[in-house]
Amino acid sequence: MADWPILSLTTFLPSIGALLILLVRGEEQAVARNAKAIALATSLLTFIVSLFILVKFDPSSAGFQLVEEHSWIPALGIQYLRGIDGVSVWFVLASTFLTPVCVLASWDSIEKRVKEFMMSLLLLETMLVGMFTALDFILFYIFFEGVLLPMFLMIGVWGGPGRIYAAYKFFIYTFIGSVLMLLAIVAMYLQVGTMDMRVMLDHTFDPSMQKILWLAFFAAFAVKTPMWPFHTWLPFAHVEAPTAGSVMLAGVMLKMGGYGLIRANLQMLPIGSATYTNLVFVMSVVAIIYTSLVALAQTDMKKMIAYSSVAHMGYVSMGIFAANAQGLDGAMFQMLSHTVVSAALFLCIGVVYNRLHTREIARYGGMAHNMPKYAVVFMLFMLASVGLPGTSGFVGEFLSMLGAYEANTWVGLFASTGLVFGAAYMLLLYRKLFYGKLEKPDVIAMPDLNGKEILYFAPLVAIVIMMGVYPKSFSSVYAASLDHILSHHREALAAEGLTPPVANPASAFVPAANAGTLSAHPATSETPGTEPAVEPSTTETPAETPAQSEPKADANPDAGH
Amino acid sequence: MQPVLTDLIPALPEIFLAVAALALLMLGVFSGKNGTRLVSGLAVVALVATSVLLVRQEGYDVAFSGLFITDGFAVFSKLLVLLGTGLSIIIAQNFIAREDMDRFEYPVLMLLATVGMMMMVSANDLLTLYVGLELQSLSLYVIASFRRDYAKSTEAGLKYFVLGALSSGMLLYGISLIYGFAGTTNFITIAQVLQAGPAPLGVIVGLVFVAAGLAFKISAVPFHMWTPDVYEGAPTPVTAFFAVAPKVAAICLFIRVLEGPFGSLLPQWRQVIEFCSVASMVVGSLAAIRQSNIKRLMAYSSIANIGYALVGVAAGTAEGVQAVLIYMAIYLVMTVGTFAIIIGMRQKGKAVEEIADLAGLSKTNPMLALALAVFMFSMAGVPPAAGFFGKLLVFMAAWKAGLYPLSIIMALTSGISLYYYLKICKVSWFDDVKEPLDRPTAGLSWVVTATALVVFPVALVIGTPVLNSAAAAAASLFH
């Protein structure tokens, strides 16, 4: 299968499965059984096919790979153009990996209209994979919006009591954000003359235009990520969605926002990104602190995890717009880690919800006694969410904070408080659920994890530990792409006479090592570009390389006053 | 003799359709009570034959001493009108039989209205414009009150007639002013007069009156008052017809008048169009939220859609015209499909038209619910349905013409209008069945399936040729 259109195959295999399910007829029980079987088979097959993407992907190259290019609507500059680079490849795999997990997780918990549910799930997978691999902006937009349809149905049909309100809020919020993005896409198209994202990435847009375009894209992705104060749809959507819906929502859909912020905002609009860095920092820090505090006050498990997602995605947006190697690397890693950890936590909640049909934390307690396997699994994911070293959560949070610290010390300082709050609410949740006396009769009656549940938790456990112990196995895939993005970003800023908050990636550990530099950084990053003497312009310029050591040395005396 | 014959050739489709309508009238009279089905069937055949005649027409031609014009734009819009009428006759079949409207005049009147609409889009003179418009309107007044022993239908017809007469009066007044100040009613001569020097104030005032009269026909705010009442009161197949063919014809006529003779007054009329457009988008999307009757909701939805189409008109460029043509084509298909579903809404044989009556449709008839969802998402402009591409084209044209605030308002109002389209999806997918709807007839199911498949996914495949022909049609207006 050397020349197969492997990306299209991965995208549309689930749709074919959905069509097959549509054709299933007969008695309701049999239909449900067959629908589940088809869904599982298709999603597993898709996952296997998507592994070939990873096999064929060359991590040393920063460009787009496995490109498929076909003419579609030439009159509008729209092509059928697909391809992946290091930034997108993991998200494709995350989508294909979580779909079979969701099929398994909904195997017994979805009882009504199983056929339609499985179709929605498979269509959702198509949209997600399509969105991460689209290189034509209209194609991107189609998949980006297309994700809303199956998710709307999943929340609205199979959701909890408040599902209608949640589905509406989810749809309208994200739709209005993305329509503004459509306007920005149209504006960019009229400048460039094609919807090809590769051309747009190389095109330098007018700085004043960039600032407006950036806001339009930000509107779409900040809602999707979601960033404070646009996050209010998320807790409702999570609480009402069925387990599979929450898993896909937290696991992959939130990453659409992060992916968009990297691809469109950071990569295409560097001047816009530099202009609004402080805005993003403020929003991220507020998200980290405020939503962590809100999570602390929740009595509903799903709501608590939902708020923690907002906080964790705060690290992501902060890391991206720190626009340095550590920050961006950390943001990517944090997204991947959050994909696995939040998906796993929602699955964990699904386990007990299926048994007791309540998400009230107070209704549980002492489960460590009768559900030891469950307690161990939950503990691992809880610790990963807190950011314990050795789990995936630590790497992402540490790196993105490091990046933020370099860009703006205060941001790093405030963001680090989020770690404490995060530990507080997660440990509190764990204590309330698992410790204490096992006295409620219905809780005592709950059986431990069954075979199917162990089956889908096992790979998640393995991934979380793998990511924590040997992060390079994941980060090496996207390292070249991120390097390319950063160097491109710095060049673009340098051309405008701006400098990123910290220009020398090699000196990453200098501020951390010298506590004395604390005072220097807030001032310089407030107005990047006004103090070129303090900040070295860019390491990428060969002429400056010999002078590398001097600016570094300068930083220290400067920090003294 | 020779000059008359050459005049007839450009107008051949119209002449054919008019003769066919009269022949069907005779046939109807002589075939007695059971002739409606036959006449309807033949009417559809006549429409198909007319489209074949139309497609065979090539290029640009002016006939009847400059009164009548055929060009790519006219052919494209006439095809849309014919398609709208044909589908409206097909979906009306069963309804008129069951609701005591089983009279052969119904398809005949629709054909006559269509002749009027075809004249409208081929008008090259203010008088042709008026004659075509009146032929169309008079037929529509009668059709609106076709269920004559039903108070609401009669009321709808009367309302439509009174307000329509008022708008015709405004139109005529505007025409007389333009004639008085420009000295001619011919579009080509008016264009020459206006290009030669500064436009006389009287022409501009006249243009505003003409625009107001036409805005009434397309039901743009603030001339939209009749729409919800007429849509609700008229029999549902009539509403379906009103929502598509006359709208397409009127907006194409609007384009021809504004871009043709008054093209050089773009800065003047753009303000008027922009105002109507913004008002239509805002009123259409906000007022629809509170509706519980699905026909009234569709009335406000059509007002909002006209607002979006007017954004393309305001652009005043070939791209804008192309966008409007595509937008109206997509609008036509999805509106016919939606109305086919509404016509099929019956509970135990009785027609119902509340949104709440759709409750649980996805359980009783999943395919119909799926088609309805496709139409609603397409109307809201959610990709990958065709409606998205219509909106995208309008965005592009408007942005290119520098109409930034208008585009942003369009984006926001389409977000608002999403709410009520979602409401229909919510009722049909999330709510529990109260009273199941009857199965729609085979003809209706056929139309619903075909239109839904066109909206998604066929539109994604045939997009390029349709876009190219619309581009050619638009270019013919700016030659």
Side-chain angles (χ1 to χ4, degrees), chain A residues 15 22 71-78 80 112-113 115-116 119 126-127 130 138-149 152-153 155-159 163-165 167-191 195 212 216 219, chain B residues 319 322-323 326 362-363 366-367 369-370 373-374 377 380-385 388-389 391-402 404 407-408 410-419 421-423 425-427 429-431 456-457 459-471:
Chain A
S15 303
L22 185 68
S71 160
W72 185 18
I73 310 178
L76 300 178
I78 303 175
Y80 180 82
K112 58 168 189 174
R113 301 167 88 179
K115 180 174 154 182
E116 284 92 342
M119 283 173 66
T126 289
M127 298 297 177
I138 291 298
L139 201 62
F140 172 87
Y141 186 80
I142 288 174
F143 285 121
F144 190 82
E145 290 283 80
V147 169
L148 297 179
L149 301 177
F152 176 69
L153 287 184
I155 298 176
V157 179
W158 295 275
R163 62 205 163 93
I164 309 278
Y165 176 76
Y168 267 63
K169 194 165 184 173
F170 161 74
F171 203 122
I172 294 176
Y173 240 80
T174 39
F175 185 77
I176 292 185
S178 9
V179 176
L180 293 174
M181 172 171 82
L182 181 65
L183 280 179
I185 292 175
V186 167
M188 286 164 79
Y189 164 72
L190 293 175
Q191 285 264 309
M195 290 287 186
I212 299 167
Chain B
E319 282 98 351
Q322 181 200 7
I326 294 285
S362 69
K363 284 178 199 128
M367 283 304 165
L370 192 63
V374 168
F377 284 125
V382 177
F388 161 71
F389 289 93
K391 286 216 168 80
L392 176 68
L393 274 166
V394 174
F395 271 145
M396 281 183 172
W399 201 266
K400 202 167 184 182
Y404 307 125
S407 327
I408 293 171
M410 179 172 169
L412 294 178
T413 48
S414 59
I416 297 171
S417 64
L418 178 69
Y419 176 80
Y421 294 125
L422 279 185
K423 188 163 87 178
C425 294
K426 172 229 149 195
V427 171
W429 281 88
F430 304 166
D431 287 2
F456 179 79
L460 300 181
V461 183
I462 61 167
T464 300
V466 175
L467 268 173
N468 290 343
S469 50

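Chain identifiers are assigned alphabetically (A, B, ...) following the order of the sequence lines, protein sequences preceding nucleic acid strands; residue numbering begins at 1 within each chain.
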For this session: Without swapping roles, check the side chain of A:Trp72 against the backbone of B:Leu460 for a donor-acceptor pair under 3.5 Å.
Result: yes
For this session: Decide yes or no on side chain to side chain contact (heavy atoms under 4.5 Å, CB included) for A:Glu145 and B:Phe388, but give the supporting numbers first.
Result: CA-CA 10 Å; A:Glu145 290 283 80; B:Phe388 161 71; over 6 Å; no
Exercise. Side chain, backbone, both or neither: which part of B:Leu422 has a non-hydrogen atom closer than 4.5 Å to chain A?
Worked result: both
For this session: State, to 0.1 Å, how close B:Gly415 and A:Ile176 come at their nearest heavy-atom pair, and which atoms those are.
Result: CA-CG1, 3.8 Å
Exercise. So which heavy atom on B:Trp399 is nearest to which on A:Ala187, and how close?
Worked result: NE1-CB, 3.1 Å
For this session: Side chain from CB out, backbone as N, CA, C, O: work out which of these in A:Ala167 comes under 4.5 Å of a heavy atom of chain B, or both, or neither.
Result: side chain
Problem set entry | Side chain, backbone, both or neither of A:Leu182 within contact of chain B (heavy atoms, under 4.5 Å) | side chain
Exercise. A:Phe152 vs B:Phe430 aromatic rings, parallel, tilted or perpendicular, using cut-offs 30° and 60°?
Worked result: tilted
For this session: Please flag which part of A:Ile73 lies under 4.5 Å from any non-hydrogen atom of chain B: side chain, backbone, both or neither.
Result: both
Problem set entry | Check: A:Tyr189 side chain, B:Met396 main-chain N or O, donor-acceptor pair, under 3.5 Å | no
Problem set entry | Contacting region of B:Ala380 [heavy-atom separation from chain A under 4.5 Å] | backbone
Exercise. Checking heavy atoms, do the side chain of A:Phe143, its backbone, both or neither come under 4.5 Å from chain B?
Worked result: neither
Exercise. If you round to the nearest 0.5 Å, how far is OH of A:Tyr168 from SG of B:Cys425?
Worked result: 8.0 Å
Problem set entry | Which portion of B:Lys363 sits near chain A, non-hydrogen atoms under 4.5 angstrom | both
Exercise. Which pair of heavy atoms, one from B:Pro383 and one from A:Leu149, lies closest together, and at what distance?
Worked result: O-CD1, 4.2 Å
Exercise. By a 4.5 Å heavy-atom criterion (distance strictly below it), what part of A:Leu22 contacts chain B: side chain, backbone, both, or neither?
Worked result: side chain
For this session: Flag the pair A:Ile142 / B:Phe389 as yes when at least one side-chain heavy-atom distance between them is below 4.5 Å, and no otherwise.
Result: yes
For this session: Establish, yes or no, whether a centroid distance under 6.0 Å links the rings of B:Tyr419 and A:Phe171.
Result: no
For this session: To the nearest 0.5 Å, tell me how far B:Leu392 CG sits from A:Ile185 CD1.
Result: 9.0 Å
Problem set entry | Under 4.5 Å from a heavy atom of chain B, the part of A:Leu190 involved | side chain
For this session: Grab the two heavy atoms, one from A:Leu183 and one from B:Ser407, that are nearest each other, plus how far apart they are.
Result: CD2-CB, 3.7 Å
Seminar exercise, completed: If one checks every heavy atom of A:Leu148 against chain B at 4.5 Å, the contacting part turns out to be neither
Exercise. Is the count of non-hydrogen atoms from other residues, nucleotides or ligands lying under 6.0 Å from B:Lys400 atom NZ greater than 12?
Worked result: no
For this session: Check the pair B:Ser362, A:Arg113 against side chain to side chain contact (heavy atoms under 4.5 Å, CB included), reporting the backbone distance first and the verdict last.
Result: CA-CA 10 Å; B:Ser362 69; A:Arg113 301 167 88 179; 2.3 Å; yes
